[in-house]
Amino acid sequence: MSVVAQTRRLTAIDIGSRKGGTPIVSLTAYHAHTAAIMDSYVDFILVGDSLGMVMHGLESTVPVTLDMMILQGLAVMRGSKRALVVVDMPFGSYEESPQAAFRSASRIMKETGCGAIKMEGGVHMAETVSFLTKRGIPVMGHIGLTPQSINTMGGFKVQGKNDESAAAVMADAKAIAEAGAFAIVVEGVIEPVARDITRAVAVPTIGIGASPDCDGQILVLEDMLGLSPRVPKFVKKFGNLGGMIEEAISAYADEVKARTFPSPEQVYTKKA
């Protein structure tokens, strides 16, 4: 009898143990097919609330709902086999209280089967992080430029530019790490501060617009593939799928108008 080896999915503990080791690779995904493509290359896949902007054309992540996150989390879980899947907690689903956060997080984990959730916030969210982790929910933190807070931050502004801001971001990182987060996304923080944070906390830092010295990096898939019309300074385009897609659609439209598509190879004929 042959035994088919099962691929073991990475866990929050696996990611948390990577502090100071081989850099952690991560991307966002919202679809089963993109999750399947990246699965063998990344350590964790983030089902980010950035889906509100890149999938639905919203101006920010604030309108994203819990149901939207669960739907896309399910898709990513179906498409992936190996990578840890982390699902974002959307705005309004966790800030009210640790108890409210637990209800939202437990629903995400039960309905998607994901291995962890991510939530934004620093010192003021440490109690909630501790509450969740003590109740069996792995939490990835997110500090610095926190997109759900743009209305109080005055927009997408880089953090850590002055001593006061740098000290606040550092305090946020330490508080979340000490509260039990297994890793922390550090977004939009000036490089020296992001580097200092990485050295100061015992859990892996995942940089996005931060520092190459972070323990890992993450980008929004659509940004790095050239599908997003506008991207932040920290994005490097590793592909230009936007241009390729437009060329393909243009060629398709031309062939339809010229009646050269479908050709005999794409139609069914009556058998003799």
Establish, yes or no, whether the cationic atom of Lys236 lies under 6.0 Å from the six-membered ring centre of Phe238 and within 45° of the ring axis.
yes

Please check if the number of heavy atoms outside Gln266 that lie under 6.0 Å from its CD is greater than 12.
yes

Compare all side-chain heavy atoms of Met68 with those of Thr65 and state whether any distance is below 4.5 angstrom.
yes

Can you list, by chain and residue number, the hydrophobic cluster partners of Ile13 when the side-chain cut-off is 4.5 Å?
none

In terms of heavy-atom contacts, Ile184 and Ala173 come closest through CD1-O, 3.5 Å

Side-chain heavy atoms under 4.5 Å apart, restricted to Ile/Leu/Val/Met/Phe/Trp/Tyr: what other residues fall into the cluster of Tyr252, or is it alone?
Val256, Phe261

Could you check whether any side-chain heavy atom of Leu46 comes within less than 4.5 Å of a side-chain heavy atom of Ile218, counting everything from C-beta outward?
yes

Does a side-chain N-to-carboxylate-O contact under 4.0 Å join Arg18 and Asp215?
no

Side-chain donor-acceptor distances from residues 110-123 under 3.5 Å, at least two apart:
| from | atom 1 | to | atom 2 | distance (Å) |
| --- | --- | --- | --- | --- |
| Glu111 | OE2 | Arg107 | NE | 2.7 |
| Thr112 | OG1 | Ile108 | O | 2.6 |
| Thr112 | OG1 | Cys114 | N | 3.1 |
| Lys118 | NZ | Asp88 | OD1 | 2.7 |
| Lys118 | NZ | His142 | ND1 | 2.6 |
| Glu120 | OE1 | Gln148 | N | 3.1 |

Any ring-ring contact (aromatic ring centres under 6.0 Å, His included) pairs touching residues 47-97, not counting sequence neighbours?
none

Report the C-alpha separation of Arg8 and Asp14 in whole Å, then their side-chain angles, then the decisive distance to 0.1 Å, and conclude whether the salt bridge (Lys or Arg N to Asp or Glu O under 4.0 Å) test is met.
CA-CA 11 Å; Arg8 186 181 79 86; Asp14 293 322; 3.0 Å; yes

Residue pairs passing the salt bridge (charged side-chain N to carboxylate O under 4.0 Å, His left out) test where at least one lies in residues 189-213, sequence neighbours excluded:
Glu191-Arg195

What pair of heavy atoms forms the shortest contact from Pro63 to Leu58, and how long is it?
CB-CD1, 3.9 Å

Please say whether more than 12 non-hydrogen atoms of neighbouring residues, nucleotides or ligands are located less than 6.0 Å from CG in Asn162.
yes

Using a 4.5 Å cut-off on heavy atoms from C-beta on, say whether the side chain of Leu219 contacts that of Phe234.
yes

Atom CD of residue position Glu255 - does it have more than 12 heavy atoms of other residues, nucleotides or ligands inside 6.0 Å?
yes

Do Val86 and Val47 have side chains that approach each other closer than 4.5 Å (heavy atoms only, starting at C-beta)?
no

Exercise answer: donor-acceptor pairs, residues 73-85 side-chain atoms, under 3.5 Å, sequence neighbours excluded:
| from | atom 1 | to | atom 2 | distance (Å) |
| --- | --- | --- | --- | --- |
| Ser80 | OG | Arg9 | NH1 | 2.9 |
| Ser80 | OG | Val76 | O | 2.9 |
| Arg82 | NH1 | Asp39 | O | 3.3 |
| Arg82 | NH1 | Val42 | O | 2.6 |

Hey, is CE on Met55 packed in by over 12 heavy atoms from elsewhere, all under 6.0 Å?
yes

Separation between CG of Leu132 and CD of Gln99, rounded to the nearest 0.5 Å:
10.0 Å

